[in-house]
Asker: 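Before I ask anything, let me first share the structure, which is written out below as structure tokens.
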Amino acid sequence: MVTVAIYKPIELISWNNLKLNDLSYEIVKLDKNQAKVKFKFIIQSEQNTAVEINFNQKIITQKLTKGINHFSIDETIHNPKLWWPNGMGEQYLYDYQFKIKQGNEQIFKYLKFGLRTIELVQEKDEVGSRFYFKVNRVPTYIKGANYIPQDNFVSRVSKNDYEKLINSSVEANMNMIRIWGGGIYEDDYFYELCDEKGLLVWQDFMYACAFYPGDQDFLHNVKQETIDQVNRLKNHTSIALWCGNNEIDEAWKNWGYQKQMGWSKQDSLSIWKDYQTTFHHIIPNVLDSILPKSENRYWPSSPSVGWGRKESLTQGDSHYWGVWWGMESFETYEKKVPRFASEYGFQGMPTLETVKSMFSEKDTLSKNSAIILAHQKHPKGWETINEYMQRDYVVPTDFVQYNYVSQLLQARGIQLAIEAHRRAKPYNMGSLYWQLNDVWPVTSWSSLDKLGNWKALHYQVKRSFENVLISVEKEENVYKIYIVNDLLKDLKGKVKFSVVDFNGNKHWTNDKDVIILSNSSTKIMELTDEILKGTSSTKAFLRIEFESNGEKYSRNYFFEKPKDLALTKSTIKIKKISHNQFEISTNVLAKDVYLLDENNQFDDNFFDLIPNESRIISGKNTIQNLKIYSLYDTMNVKNQ
């Protein structure tokens, strides 16, 4: 199917004497007392005249000459309210309406923007160079994902689809989305939602994984495309970075194209020259000509160094694909921590509802069906998933259970990566996993499937991206306990530790008073296997609870891989509270509780339910046919 065509509204624009070619703003000064903003106008006039500009209860007269007129108006905002990324503060937006009047002719233009500063910091240090963002002068840990188009037929994407996706990102505690260079420049509404919800945007230009022509006609198109898109998007508060391309620099240096394609030395020199012309001259020169210096943050190619090179972990941004492509263990994520992780990922199946949308009613759900095999984004995808699943889980034969465990597997791998990144703060200052969403119903790296349903990964991301994270790093027989605090305030409180068996009995306890500094990662304790005396690592977990200023945070850490846990059958009780809410409890540990009610989404899912603790769960819709699975069910099929 041809999916490329003119698909956006076509307009016929006419005017008499005046045409507003552009209106933009520049934040000249910003502190707690005042903001100085410069509004920049480009007006085309058919005659020498004067116009009246009415905004914010002000009227300003401006003389125009025939032709193109550039001028600016200064505005001072007292006691400004700052715009902050999600999780850091309010997303306050100033709303300005401009009325430009000449005789009976009037032009209206709206600007909605936030007051904030963003810096991309690349300081050299003892191991390489840092790569992080400062927002309003605060070093900001980036939490988010890579975004691809929401449909192969992009005209089918509705406002509701955009709202659902952006809301799901915000609910998962993200503060940035990277728009991948193999997709499209998104609809205006996408960026408006990012402005309103506090999602920073890493904006790739649309070049990815290939080498592009260097003839004059093509380069002219490159320049005009850049001009058009930068002018269209520059007023969005959410834009944090302009990036030239996805993986082309890495492809040139690491992927062996020169040998595969049989290029001569002259061919290679010509192709590399074309690359530099586009990404080191044309695009940055256009940015320089349009954007004020404070908004001109450009990165030529992502990643800056390929994942097979040691420099990819000491400087710039990194796409680490040793896990998945390289078949390395999930635990490799804990050893290979970059300065800024802008891509890494692992596959999992979509939700059961989305899987069923691929089939007709007469079809039998089967992992080996031609339909399932076709809906896979990688030629060795199933082989890779099965290999990793055998390492960490008992592999189910039942289709529904396999679907469930494949999601757990994906969530487990990405959890290890995110937590390793966040523990390493400030060495690492960003974690953008691959990928947020999908273009069709498919087994892939996404955390939201094609219907917008949350896979196990998205629920885990919500937990792993919380502003306060308790995390454990194991080195041999030592367990290092960290508390990561992304809040802009110190946390003072008590941490309680306990080793709890699967029946709820405590075998060891301890506590410690701590102060966790704002915007930091702090190692608060080191424990050894001594804490397991009286029980077994296969039959117990480490419970860590932290309370500060009335807020409670907790973490359950399991000493062994899921397949090695000596789980027992639980009796899970459900107590109905309302049409879409219930209380859930268990007599023994129920690991990775999966609430399955098709066409419904819960506020939490794929969670550990421990004895003597009940939880209140809410669904978005009326609960109609709730089924409950836990990991025990997949390991003990005969006992179900």
Side-chain angles (χ1 to χ4, degrees), residues 83-91 140-148 150 157-179 186 189-202 238 345 348 350-351 353-354 407 410-411 414-415 418-419 422 430-438 445-469 484 486-487 551-555 580-582 593-597 599-608 615-621 623:
W83 181 96
W84 289 96
N86 180 40
M88 297 180 70
E90 185 182 4
Q91 291 80 53
T140 300
Y141 194 91
I142 296 300
K143 299 175 283 194
N146 288 260
Y147 170 89
I148 66 173
Q150 293 186 58
V157 180
S158 68
K159 282 193 170 185
N160 183 63
D161 294 325
Y162 284 117
E163 291 164 5
K164 187 175 180 180
L165 179 134
I166 296 298
N167 287 336
S168 290
S169 302
V170 170
E171 289 173 33
N173 299 306
M174 298 184 190
N175 60 18
M176 178 179 276
I177 289 180
R178 176 186 174 223
I179 299 183
E186 261 305 339
Y189 191 56
F190 177 96
Y191 300 95
E192 290 169 12
L193 289 171
C194 289
D195 294 343
E196 293 171 7
K197 302 290 187 177
L199 287 175
L200 297 165
V201 174
W202 171 314
S238 53
T351 63
E353 178 192 357
T354 300
Q407 292 186 57
Q410 180 189 30
I414 301 307
Q415 177 187 8
I418 291 174
E419 294 195 12
R422 293 191 65 191
S431 191
L432 302 174
Y433 65 89
W434 181 269
Q435 66 205 54
L436 177 61
N437 60 306
D438 260 322
W445 304 266
S446 73
S447 62
L448 299 173
D449 66 25
K450 177 61 180 78
L451 299 184
N453 296 323
W454 289 30
K455 295 160 65 171
L457 173 56
H458 208 79
Y459 286 100
Q460 182 55 54
V461 164
K462 180 181 178 181
R463 295 187 278 266
S464 294
F465 278 162
E466 287 181 343
N467 271 335
V468 179
L469 172 73
V484 182
D486 285 347
L487 297 172
E551 295 291 329
K552 296 181 179 181
Y553 312 93
S554 64
R555 174 65 183 272
N580 70 330
Q581 195 175 62
F582 58 88
V593 172
Y594 174 32
L595 306 172
L596 176 59
D597 183 36
N599 305 312
N600 207 344
Q601 180 181 303
F602 297 99
D603 58 354
D604 200 6
N605 209 340
F606 303 93
F607 53 82
D608 298 328
R615 302 182 66 160
I616 305 296
I617 301 295
S618 299
K620 292 204 169 180
N621 305 311
I623 298 165

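In this chain, numbering begins with 1 at the start of the sequence shown.
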Asker: Assess the residue pair Glu163 and Tyr189 against the criterion (side chain to side chain donor-acceptor pair (under 3.5 Å)); give the C-alpha distance rounded to whole Å, side-chain angles, the decisive distance to 0.1 Å, and a yes or no.
Answerer: CA-CA 9 Å; Glu163 291 164 5; Tyr189 191 56; 2.4 Å; yes
Asker: With rounding to the nearest 0.5 angstrom, report the CD to CG distance, Glu353 to Leu596.
Answerer: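 One gets 10.0 Å once the value is rounded to the nearest 0.5 Å.
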Asker: Is any NZ, NE, NH1 or NH2 atom of the basic residue among Arg463 and Asp604 found under 4.0 Å from an Asp or Glu carboxylate oxygen of the other?
Answerer: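 Yes, this pair counts.
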Asker: Listed by chain and number, what are the ring pair (Phe, Tyr, Trp, His ring centres under 6.0 Å) partners of Phe190, not counting sequence neighbours?
Answerer: Tyr147
Asker: Is it true that the side chains of Tyr191 and Ser238 contain a donor and an acceptor less than 3.5 Å apart?
Answerer: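 There is no such pair (donor and acceptor under 3.5 Å, judged by atom type) between the side chains of Tyr191 and Ser238.
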Asker: Does Asn467 use its side chain to pair, donor to acceptor, with the backbone of Gly87 at less than 3.5 Å?
Answerer: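 Present.
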Asker: Is it the case that the side chain of Lys462 and the backbone of Asp603 share a donor-acceptor pair, with hydrogens and angles ignored and the cut-off at 3.5 Å?
Answerer: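 Yes, because the side chain of Lys462 sits within donor-acceptor range (under 3.5 Å) of the backbone of Asp603.
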Asker: Once ring pair (Phe, Tyr, Trp, His ring centres under 6.0 Å) is applied, do any residues pair with Tyr141, and if so which ones, sequence neighbours excluded?
Answerer: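 Tyr141 satisfies ring pair (Phe, Tyr, Trp, His ring centres under 6.0 Å) with no other residue.
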Asker: Might you work through the side chain to side chain donor-acceptor pair (under 3.5 Å) test for Gln415 and Ser464, ending with a clear yes or no?
Answerer: CA-CA 7 Å; Gln415 177 187 8; Ser464 294; 4.8 Å; no
Asker: Donor-acceptor pair, His458 side chain versus Ser168 backbone, under 3.5 Å?
Answerer: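 Yes, His458 side chain to Ser168 backbone: donor-acceptor pair under 3.5 Å.
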Asker: Mind checking what makes salt bridge (Lys or Arg N to Asp or Glu O under 4.0 Å) contact with Lys143, not counting sequence neighbours?
Answerer: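 Salt bridge (Lys or Arg N to Asp or Glu O under 4.0 Å) list for Lys143, sorted by chain: Asp486.
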Asker: Give the minimum heavy-atom separation between Gly619 and Phe602, together with the two atoms involved.
Answerer: CA-CD2, 3.7 Å
